[in-house]
Amino acid sequence: MRLGVDFGGTKIEAALLDSNGEIRVRQRVPNPGNYDAAVRAVADLTAQVERESGVDVKAVGVAVPGSLSPVTGLMRNANSVWLNGKPFLQDLQAAMKAPVRLENDANCFALSEAVDGAAAGARVVFGVILGTGCGGGVVVDRKTIEGVNGIGGEWGHTPLPWRRDDEKPVQDWCGRWGCLEQWISGTGFKRWSGMDGAEADQLAQAGDARARAMLDLHADRVARSLAVVIDILDPDVIVFGGGMSNIASMYASVRGKLLAHIFSDVLRTKVVQNKHGDSSGVRGAAWLFTPEEAA
Ligand SMILES: [Zn+2]
């Protein structure tokens, strides 16, 4: 049995997975949105899962926005900005009285999909979350690549490539100008199209020309952004999560536009939707400990 927690900006979810990767117990609560209450909420939620399952949990993996600084051990880079600068790992361990591992939520997503999801069996996997923010995660041989600075896969805060004259950079919440997050996340799409992804998808399917054009432009920006990843990492599979990943037309559209940008005469990369949906955060978090460590 392994316990994973997905610490999201709006909700916190905990799930207990058995050795076959089946979810035995799951619980979710709204994220209270302030630090002390959020630490308590995670501890209460895991205690609730323990009570309901009768399992005494030995270790907890937690998927978080952002990451821990390898120098200070404090949180940074979280779009739930009230987490930044806090000793989240120590506080969670103290509240739950158990060893905890924190891992970036996009890395957990990529790990979950690489272990037994849409990228199962693939050697090199790039996971992309296009939701409130824009996250990326690299998994090689079923291990997340955190990197020497702890920012492996933090693709959302690189600039939009092959920028056109009408693509004026805007300032991101992180302070940088022109980050991908402002263009291709769900929030970014709404910023420049005036629609949310689901609404645009519905309108496009009903034949609305403007919605179609907006989705086509979004796919073009996603393809340009991913071409750089393919040129550097050349992953076997790129797997999408987050609200924008539910737009079924995006996959063929992105694939169709990639070849014009990558440094290759052939595109063998699979570009796919996730298998585990909303559960990938919690599943990837559960995989952060081996069964031996978590038992
Ligand atoms: Zn940024």
Side-chain angles (χ1 to χ4, degrees), residues 2 4-9 13 15 17 21 23 61-68 77-79 101-158 179-181 184-186 222-223 225-247 250-251 254-255 258 268-290:
R2 291 191 268 189
V5 173
D6 185 11
F7 189 89
E13 182 171 356
L17 266 65
I23 292 180
V62 183
V64 292
S67 58
L68 293 174
N77 295 346
N79 54 5
R101 271 182 201 151
L102 295 188
E103 179 67 65
N104 175 263
D105 48 12
N107 289 5
C108 288
F109 165 78
L111 182 60
S112 163
E113 293 297 328
V115 168
D116 63 356
R123 190 157 173 253
V124 181
V125 177
F126 189 66
V128 173
I129 298 181
L130 300 181
T132 312
C134 169
V138 179
V139 173
V140 178
D141 293 333
R142 294 176 152 215
K143 290 195 176 63
T144 60
I145 305 295
E146 289 173 60
V148 69
N149 299 299
I151 56 164
E154 286 283 16
W155 165 74
H157 301 278
T158 61
C179 292
L180 291 185
E181 183 151 318
I184 64 173
S185 66
V222 171
S225 308
L226 283 175
V228 177
V229 174
I230 295 175
D231 280 349
I232 296 168
L233 186 67
D234 207 0
D236 300 88
V237 181
I238 297 171
V239 54
F240 282 81
M244 298 299 282
S245 76
N246 296 321
I247 299 171
M250 179 178 72
Y251 298 89
V254 167
R255 267 194 303 265
L258 271 171
R268 299 165 74 192
T269 323
K270 291 187 178 122
V271 180
V272 296
Q273 189 171 9
N274 65 79
K275 176 179 172 190
H276 293 304
D278 264 3
S279 301
S280 253
V282 90
R283 298 179 72 89
W287 301 139
L288 295 174
F289 284 96
T290 65

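Between Val271 and Tyr251, the closest heavy-atom pair is O-CD2, 3.7 Å. Nearest heavy-atom pair, Val139 versus Asn107, reported as atom, atom and distance to 0.1 Å: CG2-O, 4.3 Å. Considering all non-hydrogen atoms of both residues, Gly281 and Cys108 come closest at O-CB, 3.8 Å. Minimum interatomic distance between Val138 and Gly153 (heavy atoms only, all atoms of both residues): CG2-CA, 4.1 Å. Contact record, Gly136 with Asn104: O-OD1, 4.1 Å, taken as the closest heavy-atom pair. When every heavy atom of Ala110 is checked against every heavy atom of Gly137, the shortest pair comes out as CB-O, 3.7 Å.
With hydrogens and angles disregarded, a donor-acceptor distance shorter than 3.5 Å links the side chain of Glu181 to the backbone of Cys134. Side chain of Trp155 to backbone of Val228: no donor-acceptor contact under 3.5 angstrom is found.
The structure places CD1 of Ile151 at 7.5 Å from CG of Asn77, a figure rounded to the nearest 0.5 Å. Distance CG/Asp234 to CG/Asp236: 8.0 Å, rounded to 0.5 Å. Rounding to the nearest 0.5 angstrom, the gap separating the CD1 atom in Ile230 from the CG atom in Leu258 is 4.5 Å. Distance check: Ser112 OG to Lys275 NZ gives 9.5 Å after rounding to the nearest 0.5 Å. Interatomic distance, CZ of Phe109 versus CG of Asp278, reported as 10.5 Å (0.5 Å rounding). Within the model, atoms SG of Cys179 and CD of Glu154 stand 10.5 Å from one another, a figure rounded to the nearest 0.5 Å.
Considering only heavy atoms from C-beta on, Leu288 comes within 4.5 Å of Leu111 through its side chain. Under the 4.5 Å side-chain criterion, counting only non-hydrogen atoms from C-beta, Val229 is not in contact with Val128.
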- Message: Using side-chain contact (heavy atoms from CB on, under 4.5 Å), reason through Leu102 and Phe7 one step at a time and then give a plain yes or no.
- Response: CA-CA 10 Å; Leu102 295 188; Phe7 189 89; over 6 Å; no

- Might you work through the side-chain contact (heavy atoms from CB on, under 4.5 Å) test for Asn246 and Gln273, ending with a clear yes or no? CA-CA 8 Å; Asn246 296 321; Gln273 189 171 9; 3.3 Å; yes

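Within the structure, every pair that satisfies the salt bridge (charged side-chain N to carboxylate O under 4.0 Å, His left out) test and touches residues 125-146, not counting sequence neighbours, is listed here: Arg123-Asp141. Pairs engaging residues 110-121 under the salt bridge (charged side-chain N to carboxylate O under 4.0 Å, His left out) rule: Asp116-Arg283 [sequence neighbours left out].
Taking the centre and axis of the six-membered ring of Phe289, the NZ or CZ atom of Arg2 falls outside the cone set by 45° and 6.0 Å.
Of the listed residues (Ile129, Asn274, Leu130), just one forms a side chain to side chain contact (heavy atoms under 4.5 Å, CB included) with Phe240, and that residue is Leu130.
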